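Working notes for the structure below.
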Amino acid sequence: MSLVNLTINSKPVSVPKGTTILEAAKQVNVKIPNLCHLNMNEINMVNQCASCRVCMVSAGRGLVPACGTLVKEGMNVQTNTKEALRARKNVVQLLLSDHPQDCLSCDKNGNCELQTIAADLGIREIKFKGEKSCAPKDVSSKSIVKDHDKCILCRRCETMCNEVQTVGVLSGINRGFNTEVGTFFNASLCDTECTYCGQCVAVCPTGALTEVNNIPVVWNALDQSEKTVVVQVAPAVRVAIGEEFGLEPGAISTGKMVAALRALGFKYVFDTNFAADLTILEEASEFLHRLKDGENLPILTSCCPAWINFVEGNYPQLLNLPSSCKSPQEMFGAVAKNYFGPKVINVESKDMYVVSVMPCVAKKYECARTELGQEDVLDVDISITTRELAKMIKEAGIDLLNLEDESFDSPLGESTGAADIFGATGGVLEAALRTAYEWVTDKELSDVNFTQVRGLEGIKEASIDIDGTIVNVCIASSLGNARKVMDEVANGNSKYHIIEIMACPGGCVAGGGQPYHHGDYDIVKKRAAGLYNIDGSKELRKSHKNPAIVALYNEFLGEPYSEAAHKYLHTHYFDKSVVYEDTCNECTCAKEADATI
């Protein structure tokens, strides 16, 4: 390896040829502020457009952008000269001159990188005055709000959407002062192929992209005495919400989170993990039916709504392959409204109000899909993100860290370790294999850890021997990797029997609704480790061993993959490859095609 020797602030450093000044500075713990640059090696994303010019440094022959300048032998870099500091301040002041001055009420307040840099640079006034961008917000979807007036043209969202997710919705348009990152023909998000994965929101440094705020809706629901308001919490939330209160990433906050939800006023506090166990029984049953018949393989997991949006829009010819199982969020809602309400607490379905706390912004869209319910009663009424729950807890003045741990309500709060790992990429497949193995072999699975399907790699594969039957499995996280795998399936070159796909790189632990990790994937790894720690600590680690699930089938559903199970727990998909002319701002549910799959 060829090394380049240079000094940064008089500190000698040797780095590989092709390294930027910004990356070299990190080796000697020199911090250079930057906005547009984002390097997430773990998912092969590098946004290096050098457009913001916040990272200007002195490199011998004037100022250069540290993120876009490669090191040279003998280079002498100074990061804090008067010229460099003045240039940075001028750049940030120019950005602020065309930025709304509503920081206190902005959804990204406290998480805005522009706000942080302005504070670090000691900017207390904006000396540049002039014309400001003024464009209407795009509030057309149930998931994402796009506010161009807060965009700083860093292009992070564009790189994420086009290169990592390969969705291709966002692109730079217009020129000069009118330049913006927008959609083709300036269409509303609901009229594009946006999957609502929320990864653009996750990487946006300002408030230009945020989730739709459902907090007022939930507060209003809690004030309605005529409704029985229950809440469910996804597995990835419990290992991330603590970050909003100063805990380390991956800290397990389940008990305190439950206590906080009760303090907020929810009548019952349940666990989406219960429905994750239920999903495994249905999905494993469906897989074994397909494997026996040798049809509709590979089976594709259906837990992720952004992935379902993606396959509906890009591979309509393969809509026979996704599992017909609803996601755990929707299965829970169906069971809460059609079993728990009427049969356990004597409350009619229409009088049940189900709130979900999810690591995902696409779940907001999913619960509005009109086919996910019974007789005009949706399975789930509203969804909020991990970030939104944290805001509600703070708004209510609840001291999360000093709450006594509490347990979920029963029976919809009981789960196995297999359900917890749903939040990490590979977790759904591992949970399914634990159950499928024992169902096929009728033998006790002594080692339930399928470690070969774990990890943050974008595409993983393994071959599992189930009593002489070799099952080839694949895990893809990020829609870009999903496209690679699906192209092989479409071309008839796939060897797999089961494919798990999650839209967010790393799975739900890195969901678009989680606390912002600002590109640090060590945070994501710690969250995933937290889920595997929960799984390992539980006595029951196989979904079909959950006694509450067994009781549900005995009392209500009959058996896995039964007629009753199909009625409440399964769904169908739509061909979205057609360009629709519906421009209604409420077009967030699935638009019906001519034929239903």
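What you see is a predicted model; the values in this text were computed from it and never measured.
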Only one of C194, S143, S141 forms a side-chain contact (heavy atoms from CB on, under 4.5 Å) with Y365, so which one is it? S143
Less than 4.0 Å between a side-chain N and a carboxylate O, is that true for R262 and E406? yes
Determine, for D447 against R434, whether the closest basic-nitrogen to carboxylate-oxygen distance falls under 4.0 angstrom. no
Partners of T195 by side chain to side chain donor-acceptor pair (under 3.5 Å), sequence neighbours excluded? none
So with a 6.0 Å cut-off around CD of E404, is the heavy-atom count from everything else above 12? no
Hey, is NZ on K267 packed in by over 12 heavy atoms from elsewhere, all under 6.0 Å? no
Which pairs count as side-chain hydrogen bond (donor to acceptor under 3.5 Å, both in side chains) when at least one residue sits in residues 233-245, sequence neighbours excluded? R238-D271, E243-R527
Looking only at heavy atoms, which two atoms of N214 and S383 are closest? And how far apart? ND2-O, 2.8 Å
Residues K326 and E371 bridged, charged N to O under 4.0 Å: no
Can the ring centroids of F270 and F332 be said to lie less than 6.0 angstrom from one another? yes
Heavy-atom count around D442 CG within 6.0 Å, excluding the residue itself: above 12? no
N213 versus D107, side-chain donor and acceptor atoms under 3.5 Å: no
Ion pair check, D535 and R541, cut-off under 4.0 Å: yes
Using the ring pair (Phe, Tyr, Trp, His ring centres under 6.0 Å) rule, take F556 and Y568 through it: C-alpha gap first, then chi angles, then the decisive distance, then the call. CA-CA 11 Å; F556 184 58; Y568 295 110; 5.1 Å; yes
Between E211 and R387 (salt bridge meaning N to carboxylate O under 4.0 Å), is one present in this structure? yes
Output, in order, the C-alpha distance, side-chain angles, deciding distance and verdict of side-chain contact (heavy atoms from CB on, under 4.5 Å) for I43 and S478. CA-CA 8 Å; I43 62 171; S478 91; over 6 Å; no
When L569 is tested against each of E330, E282, E283 for side-chain contact (heavy atoms from CB on, under 4.5 Å), which residue passes? E282
Less than 4.0 Å between a side-chain N and a carboxylate O, is that true for R369 and E312? yes
Please determine if K394 forms a cation-pi arrangement with F245, meaning its NZ or CZ atom is less than 6.0 Å from the six-membered ring centre and no more than 45° off the ring axis. yes
Stepwise salt bridge (Lys or Arg N to Asp or Glu O under 4.0 Å) check, E366 with K363: CA-CA 5 Å; E366 182 187 46; K363 290 292 182 182; 3.2 Å; yes
Any ion pair linking E555 and K343 (charged N to carboxylate O, less than 4.0 Å)? no
